[in-house]
Engineer: 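The structure that follows is given in the form of structure tokens.
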Amino acid sequence: MSQFKFSVGPWNVHEGGDAFGPTVRDSISFEEKIKRFSELGFSAIQFHDDDAVPNMNELTEDEIKAEARKVKALLDKYSLKAEFVAPRLWEDDHTHDGGYTSMSQVDRDFAMWRSYRSIDIAKELDCDKIVLWLAREGTLCYESKDPVVGVNHLVDSINKMLDYDDNIKVLIEPKPNEPIDRSFCPTIGHVMGISSRTNDPSRVGGLLESAHAILAGIDPANEMAFALSFDKLWGVHLNDQNGMKYDQDKSFGSENLRQAFNQVRVLVENDFGKNGEYVGLDVKAMRTQKIEDCYRHLENSMRVVRLMEEKVKQFDYELQKKYIEERNYEALEMYVIELLLGL
Ligand code: XUL
Ligand code: MN
């Protein structure tokens with residue numbers, strides 16, 4: 001049994017297309033996916049705004065809310081909650097050069113329209129979290145944006161979201177690159193900095209994705225710890241990543257078991273979830289995976305979290321203390337390796 005509640009986004013089960021090849025698996029309907037998610041033991045669904053309300057640009061504000069209410073009924077049918085809504089600006093024709101940090105007022109206005117609608121959708125889905133993955137908020141060409149102005153625009157945009165609704169919380173999901181070359185908000189430290197600049201820092205926190213930290217060359221468990229120390233780790237996207245290359249969204253623990261162990265350990269030790277937070281997954285099945293078994297990466301990731309929770313329970317804190325006092329970190333390291341190998 002896990003002490004955590006798990007969440008997943010519908011994009012975690014996808015058709016397998018990548019930057020160099022077309023899709024390889026048939027689409028699965030939203031309802032079929034969430035039915036299966038519920039059977040697999042997930043408690044909540046993560047949404048992009050247009051996962052909940054497709055073609056929302058063509059709809060009025062009232063129509064968007066009405067569509068969102070239909071999604072809420074589906075969630076209720078399978079006893080699922082909504083964890084967050086994230087405006088999907090990076091696929092839109094209006095925001096080729098980013099939204100909040102675009103140098104074009106028209107683009108920034110569109111980004112705000114989608115953000116307000118995301119808040120409307122979140123309210124209909126009975127959730128209070130907006131996630132900003134700042135996909136194109138940075139530069140492809142360094143000289144194309146003023147980075148100081150860009151960050152100021154980002155702070156202004158978040159302030160407008162906070163003003164729009166008194167209960168909504170904004171979680172920034174940092175990522176150093178891809179699709180952008182240089183992000184204006186690459187790490188959780190930047191997220192904490194931006195939070196402190198807003199009109200209500202108590203409502204601006206972070207969502208840490210393992211792979212994004214690894215892409216920045218830093219340790220995901222330490223990134224989680226940093227946000228935890230500010231009481232601002234309000235979400236995680238557990239997954240794995242083989243080094244600093246394209247974003248892989250591999251199954252949690254599939255590359256680095258020790259790093260997976262320490263991520264689960266920092267979450268357990270700090271009682272993550274005590275305020276209702278979910279352990280979120282953001283994993284993609286390999287393109288080679290056949291449709292018959294295209295949920296396996298989710299099952300595997302949850303299993304690794306649970307197995308690591310067991311390892312945390314077995315972790316000998318007295319022995320850790322002794323080795324720290326002796327400054328015998330070679331012994332401590334070997335102890336962890338043997339623990340993970342089951343020796
Ligand atoms: C992209 C990524 C996104 C966000 C949600 O790297 O992680 O899927 O988690 O928009
Ligand atoms: Mn993510």
Side-chain angles (χ1 to χ4, degrees), residues 6-19 33 37 42 44-54 56 82-92 95 98-100 111 114-115 117-119 121-122 125 127 129-138 154 158 161 169-188 190-191 205-216 218 220 223-224 227 233-252 263 277-285 297-298 301 305:
F6 290 89
S7 74
V8 59
W11 65 91
N12 281 218
V13 173
H14 77 132
E15 294 81 4
D18 65 20
K33 283 184 190 177
F37 291 156
F42 287 97
I45 304 297
Q46 311 161 15
F47 286 92
H48 295 119
D49 50 2
D50 56 0
D51 289 324
V53 183
M56 57 188 287
E83 182 190 14
F84 65 69
V85 178
R88 180 149 40 196
L89 300 178
W90 54 95
E91 288 184 4
D92 205 282
T95 41
Y100 312 119
R114 284 286 289 255
S115 304
R117 299 298 73 76
S118 295
I119 295 172
I121 294 169
L125 299 182
C127 81
K129 289 181 177 146
I130 295 295
V131 165
L132 305 182
W133 170 46
L134 301 169
R136 300 190 193 277
E137 312 302 347
L154 179 57
I158 294 171
M161 292 176 221
K169 295 192 180 75
V170 176
L171 286 63
I172 301 177
E173 180 181 349
K175 184 178 181 183
N177 60 280
E178 201 195 29
I180 214 74
D181 182 29
R182 291 175 172 90
S183 165
F184 288 154
C185 186
T187 70
I188 209 80
H190 292 80
V191 172
L207 181 153
L208 193 280
E209 173 167 324
S210 324
H212 295 179
I214 298 165
L215 281 170
I218 46 187
E223 286 283 272
M224 289 175 191
L233 187 69
W234 299 341
V236 291
H237 270 173
L238 297 187
N239 59 15
D240 215 341
Q241 169 76 27
N242 176 23
M244 294 161 81
K245 52 181 82 165
Y246 65 96
D247 187 5
Q248 296 180 305
D249 294 334
K250 288 180 169 226
S251 292
F252 182 59
Q263 288 173 74
E277 300 92 347
Y278 296 95
V279 166
L281 302 180
D282 196 358
V283 289
K284 290 210 174 66
H297 59 308
L298 293 168
S301 297
V305 175

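Each ligand, and each atom within it, is numbered from 1 in the order the structure gives. Residue numbers run from 1 in the order of the sequence given.
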Engineer: State whether Arg114 and Asp49 are salt-bridged, where the test is any N-O pair (Lys NZ or Arg NE/NH1/NH2 against Asp/Glu carboxylate O) under 4.0 Å.
Structural biologist: yes
Engineer: List the steps and the verdict of side chain to side chain contact (heavy atoms under 4.5 Å, CB included) for Glu173 and Glu209.
Structural biologist: CA-CA 7 Å; Glu173 180 181 349; Glu209 173 167 324; 2.9 Å; yes
Engineer: For atom 10 (O) of ligand 1, find the nearest protein heavy atom and state the residue, atom name and distance (0.1 Å precision).
Structural biologist: His48 NE2, 2.8 Å
Engineer: May I have the step-by-step check of side chain to side chain contact (heavy atoms under 4.5 Å, CB included) for Phe184 and Leu154, ending in yes or no?
Structural biologist: CA-CA 9 Å; Phe184 288 154; Leu154 179 57; 5.5 Å; no
Engineer: Answer yes or no: is there a side-chain heavy-atom contact under 4.5 Å between Leu281 and Asn239?
Structural biologist: no
Engineer: Going by the rule ring-ring contact (aromatic ring centres under 6.0 Å, His included), which residues pair with His48 if we only count those two or more places apart in sequence or in a different chain?
Structural biologist: Trp11, Trp90
Engineer: Within a radius of less than 6.0 Å around NZ of Lys33, do more than 12 heavy atoms belonging to other residues, nucleotides or ligands occur?
Structural biologist: yes
Engineer: Enumerate the atoms of ligand 1 whose separation from the nearest heavy atom of Glu173 is less than 4.0 angstrom.
Structural biologist: 2 (C), 4 (C), 5 (C), 7 (O), 9 (O)
Engineer: So which heavy atom in the protein is nearest atom 8 (O) of ligand 1, and how far is it from that ligand atom?
Structural biologist: Asp282 OD2, 3.3 Å
Engineer: Please identify which atoms of ligand 1 are closer than 4.0 Å to at least one heavy atom of Lys175.
Structural biologist: 6 (O)
Engineer: Looking only at non-hydrogen atoms, find the nearest pair between Ser251 and Ser301 and report the distance.
Structural biologist: CA-OG, 3.5 Å
Engineer: Does any N or O of ligand 1 fall below 3.5 Å from an N or O anywhere on Trp90, backbone included?
Structural biologist: no
Engineer: Could you walk me through whether Tyr278 and Gln46 pass side chain to side chain contact (heavy atoms under 4.5 Å, CB included), step by step?
Structural biologist: CA-CA 10 Å; Tyr278 296 95; Gln46 311 161 15; over 6 Å; no
Engineer: Counting no waters, what protein N/O/S atoms lie under 2.8 Å from the Mn ion (ligand 2)?
Structural biologist: Glu173 OE2, Glu209 OE1, His237 ND1, Asp282 OD2
Engineer: Is ligand 1 under 4.0 Å from a heavy atom in the side chain of Glu178, in the backbone, in both, or in neither?
Structural biologist: neither
Engineer: Kindly confirm or rule out an N or O of Glu209 lying under 3.5 angstrom from an N or O of ligand 1.
Structural biologist: yes
Engineer: Does any non-hydrogen side-chain atom of Arg136 lie less than 4.5 Å from one of Pro179?
Structural biologist: yes
Engineer: Suppose I only count heavy atoms of Asp247 and a 4.0 Å limit; which atoms of ligand 1 are within that range?
Structural biologist: 6 (O)
Engineer: Below 4.0 Å from ligand 1: does a non-hydrogen atom of His212 turn up there or not?
Structural biologist: yes
Engineer: Which is it for His237 and ligand 1 at heavy atoms under 4.0 Å: side chain, backbone, both or neither?
Structural biologist: side chain
Engineer: After noting the C-alpha distance and the side-chain angles of Phe6 and Leu298, does the key distance pass the side chain to side chain contact (heavy atoms under 4.5 Å, CB included) rule?
Structural biologist: CA-CA 10 Å; Phe6 290 89; Leu298 293 168; over 6 Å; no
Engineer: Side chain, backbone, both or neither: which part of Asp249 comes within less than 4.0 Å of ligand 1 when only heavy atoms are counted?
Structural biologist: neither
Engineer: Specify whether Phe37 and Phe42 have parallel, tilted or perpendicular ring planes, treating 30° as the upper limit for parallel and 60° as the lower limit for perpendicular.
Structural biologist: perpendicular
